[in-house]
Amino acid sequence: MASKLATELEPAKYSQETESLVKRLAGPSSGKAGLAKDQTEINRIISDASKGSKFYENEKKKDKELTVRIDKILKQRDEAINGADIAKIEADIDQLICKIESQRDLTQIIVHVDMDAFFASVELLDNPDLKGKPFAVGKGILTTASYDARKYGIRSGMAGFIAKKLCPELIFVPNHYARYSELSNQVMDIFHRYDPDMCPAGCDEGYLNITSYCEEHSMTAEECVQDMRETVFRETKLTMLAKICSDKNKPNGQFQLEFDPESIKSFMYDLSIRKVPGVGRVNERLLDAIGIKTCGNIFTQRAVLSLMDKQFGLVFLLRTYLGIANNTVQAHRREERKSIGAERTFASLENIQKIHDKLAEVAAELESDMDETGWTGRTVTLKFKLDTYQVCTRAKSLDHWVSKKEELYAIGKELLAAELPVKIRLIGLRVTKLKDLRDTATNGIKRFFESANKDESPRKKARLDPEEFEDNDNMDEAMPGYHENDETDYKLEDDSLEGDEVIDLTNTLEDVSGGETAVSQTRRPPHSTSNSHASSKLEPPKRPRSNSEAKPVIKPISKTLEMHECPICGKTLETDNQGLNAHVDFCLSRGAIMEAQGSATKSIKDTSTYKGWPKPESSTKSNSKPSTFGKTRRPVASKRGK
DNA sequence: GCGGATCAC
DNA sequence: TATGGTGATCCGC
């Protein structure tokens, strides 16, 4: 279990590349599994291409810091274990597990749906010639890669020049955000039919509680999701993948997709801890250090986790082990927003005047966004990234509300002045301690306007704004970052289901949080600072919203079975990836022919003036919700001993 | 309240 | 030949 012991003494080897560094360089999506064979070569190419760069050096530095941090945690562990009554501890935890288990609620059917390689699919839709070819969307940093490109190890978030090395024939396709927004709106619109209070997660995925829909339409969860997928394909010609890992207990058992505690636990047992929302690259390594690679290992190592509850968050992990998550789904509410900001990366600058110019641009952009979305705030945070990739933030709280670019710029300049001289490659501004200028309850004037407008939705209002109309064809929500489907690679590798999907083990404990409290909250475990050592605590992701309960949205990894479900016809095939691809192509072409005329809008790509990433507002869609902006699954907390 | 970190998308 | 942008949360000060 001990991965590399921290002490990197090895003066001999100058820059020894640790396994973790190579993995880190491979990118955040570097899940696990897989293609050990090729992946090694791929990682080598990526590493070689990066070597020597400032980016590389920074990654190396972070990797070393993490190694040191892990070493401290291991020492803490050893001290804690020494003399501890492990048997007693485990017995206590087993009781805790029973308590948590007793709160499992299988009454809600919650699904996570996700468009398949969204950006790439849209490009393919608009340019069929790309079919079968390795292509990537985006320049500089790739927003997504086609399935054919993924075979070369190319992933979203990867630098274009690295991708080119992995696949010289790679075709680069520019982003067409307006198109993605358009289709995203269509898809979200469809999702809302199944759950009006669905929670969008980025532009191409969402969480839906389809319990009511199934009841009202006398449908099973499978039928409902199948119907949803067909509707999405019929109306957008895009494929959507969804899988239901949960189902409601039916009166008359005839469950194919078992939905009982045992089946769920069985599913979770071999699931990589990395698949758990909130467990990123860092926490994956920390957990690995104490012998936890899979959710099943959580149980195995429960005593250690208990002794180090502060660092890892025992309850959160036990819930994960049991496959118990939050069972509520709710759209984000406007008032939940905590911040709004803008930032830009550029070729490193040292010249203060030029830096100020960049700052002014960011300030103007932020003012524009704040104005369009109706926010103002009291704290301004300047962010800048040094030439070395080290990120720094400097904040200032004020006694009044700020939102004008002149002031944002002035504050940013002041904060930056204290840091000079600097050579930076990014600068940004963020405003927090927000006040909602559209809050009808606290703003009489606004209320008047809104009622006069007869439209409660801020979004529609925005739509009336000419300026907004222009650069906004976006979607409801903030466009997600890249990383459309980081896990798809693995899935493909595993021969598992393609796409992503799904999910959810819905269960939940209505409230471990509020209720019985026997379970020490997952949410915010008491933290005593005991050791000042590095620690990290895992906390429950807040994903689907609402509660703070953990919510394991797990994307199923294939069971190594060679069974594939066609995303189009839903048929299960026993074949390999190529066979599946061929079948999918067939289904797509047939569907395309059939649906062709209907809404053929092949639409011309809107090369127009799309400005950067989509902004949060907008609409065009009738029923969109108030905007949810980026969501977060956050569980981990970290603390690091410096 | 501030700054660093981690994570998701 | 040059590694993104937006938002959230947590921890230790």
Side-chain angles (χ1 to χ4, degrees), chain A residues 25 27-29 46 49-50 53-56 58-59 62 65-66 69 114 118 138-143 156-165 200-205 277-284 286 310-311 313 332 336-348 365-366 369 378-379 381-383 385 387 389-397 425-426 428 430 432-433 477-486 523-525 527 529 532 534-543 548 553 612-616 628-642:
Chain A
L25 290 169
S29 39
I46 294 173
S50 304
S53 67
K54 289 187 167 141
F55 176 81
Y56 176 91
N58 185 249
E59 291 298 302
K62 289 196 290 187
E65 289 171 353
L66 180 54
R69 185 177 164 192
D114 185 327
F118 192 53
K139 287 267 184 187
I141 288 293
L142 308 179
T143 57
S156 59
M158 179 178 279
F161 75 95
I162 299 274
K164 191 83 178 174
K165 278 191 160 53
C203 67
D204 73 330
E205 65 181 274
V279 176
R281 287 184 295 173
V282 173
N283 286 299
E284 176 187 26
L286 294 179
K310 311 286 191 309
Q311 289 85 8
H332 276 103
E336 293 177 62
R337 188 166 190 150
K338 301 288 192 300
S339 74
I340 181 169
E343 61 184 63
R344 205 58 55 197
T345 288
F346 40 77
S348 297
E365 202 174 299
L366 181 53
D369 287 350
R378 293 183 41 244
T379 298
T381 301
L382 171 76
K383 173 182 177 181
K385 188 187 286 180
D387 185 41
Y389 286 86
Q390 183 188 324
V391 176
C392 304
T393 59
R394 295 292 180 271
K396 179 170 186 177
S397 289
R425 65 184 339 271
L426 169 152
R430 179 162 296 276
T432 52
K433 301 295 160 52
E477 296 320 349
M479 187 74 99
Y482 315 126
H483 311 302
E484 284 178 34
N485 295 319
D486 290 344
R523 176 78 169 130
R524 196 184 262 270
H527 55 73
T529 51
S532 64
S535 71
S536 131
K537 158 185 290 179
L538 294 171
E539 297 229 347
K542 224 172 177 171
R543 216 331 167 321
S548 48
V553 171
W613 294 93
K615 311 215 181 145
T628 57
F629 51 99
K631 128 176 347 4
T632 318
R633 297 185 174 199
R634 280 273 47 212
V636 190
S638 70
K639 148 201 312 159
R640 92 193 7 258
K642 296 188 126 248

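Throughout, protein chains are lettered first and strands after them, A, B, ... in sequence-line order, and every chain is numbered starting at 1.
- OP1 or OP2 of B:dG4 sits under 4.0 Å from a side-chain N or O of A:Arg394.
- For the atom pair A:Glu365 CD and A:Glu343 CD, the distance stands at 10.0 Å (nearest 0.5 Å).
- The side chain of A:Asn283 places an N or O atom within less than 4.0 Å of a non-bridging phosphate oxygen (OP1 or OP2) of B:dC7.
- Taking every side-chain heavy atom of A:Arg344 into account, C:dG5 is the closest of C:dG5, C:dT3, B:dC2.
- Distances shown here put a side-chain N or O of A:Thr393 below 4.0 Å from the OP1 or OP2 atom of B:dG4.
- Here A:Arg425 lies in heavy-atom contact (under 4.0 Å) with sugar-phosphate atoms only.
- With values rounded to the nearest 0.5 angstrom, A:Leu142 atom CG is found 7.5 Å from A:Met158 atom CE.
- A:Ala347 comes within 4.0 angstrom of nothing in the nucleic acid, heavy atoms only.
- Taking every heavy atom of both residues into account, A:Leu25 and A:Tyr56 meet most closely at CD1-CE1, 3.4 Å.
- Nearest-nucleotide positions on DNA chain C place A:Tyr389 closer to the 5' end than the other of A:Gly341 and A:Tyr389.
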For this session: With side-chain contact (heavy atoms from CB on, under 4.5 Å) as the test, would you mind laying out the steps for A:Leu66 and A:Arg281 before giving the verdict?
Result: CA-CA 11 Å; A:Leu66 180 54; A:Arg281 287 184 295 173; over 6 Å; no

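- The side chain of A:Arg281 contributes no N or O atom lying less than 4.0 Å from OP1 or OP2 of B:dC7.
- Residue contacts for A:Lys396: at a heavy-atom cut-off of 4.0 Å it reaches the sugar-phosphate backbone alone, with no base atom in range.
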Problem set entry | Derivation of the side-chain contact (heavy atoms from CB on, under 4.5 Å) call for A:Thr393 and A:Arg430 | CA-CA 10 Å; A:Thr393 59; A:Arg430 179 162 296 276; over 6 Å; no

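- Nucleotides B:dC7 and C:dG4 are separated by 15 Å at their C1' atoms, to the nearest Å.
- Between A:Ser348 and C:dA2 there is no side-chain N or O to OP1 or OP2 distance below 4.0 Å.
- Contact annotation: A:Ser339 side-chain N/O to C:dA8 OP1/OP2 distance is under 4.0 Å.
- Look at CG on A:Leu286: it is 8 Å from P on B:dC7, rounded to the nearest Å.
- In this structure, A:Gln390 places its CD atom 7 Å from P of B:dA5, rounding to the nearest Å.
- Contact check, A:Lys433 against B:dG1: a side-chain N or O comes under 4.0 Å of OP1 or OP2.
- Side-chain proximity of A:Lys338 to the nucleotides C:dT9, C:dT3, B:dC2 is greatest for C:dT9.
- When distances are taken from the side chain of A:Ser397 to each of B:dC2, C:dT3, C:dT6, the shortest belongs to B:dC2.
- One can place CD of A:Glu343 at 9 Å from P of C:dG7, the figure rounded to the nearest angstrom.
- To the nearest 0.5 Å, the span separating NZ on A:Lys62 from CD on A:Glu59 amounts to 4.0 Å.
- The side chain of A:Phe161 lies closest to C:dA2 when the candidates are C:dA2, B:dC2, C:dA8.
- Closest to the side chain of A:Val282, out of B:dG1, C:dT3, B:dC7, is B:dC7.
- Residue contacts shown for A:Ser50 include a base, since a base heavy atom lies under 4.0 Å away.
- Comparing A:Arg378 and A:Val391 by the nucleotide of DNA chain B that holds the closest heavy atom to each, the one mapping nearer the 5' end is A:Arg378.
- Listed nucleotides C:dT6, B:dC2, B:dA5 differ in distance to A:Arg69; the shortest reach to its side chain belongs to B:dA5.
- Whole-Å rounding puts the A:His332 NE2 to C:dG7 P distance at 12 Å.
- Side-chain N/O atoms of A:Thr345 include one lying less than 4.0 angstrom from OP1 or OP2 on C:dG5.
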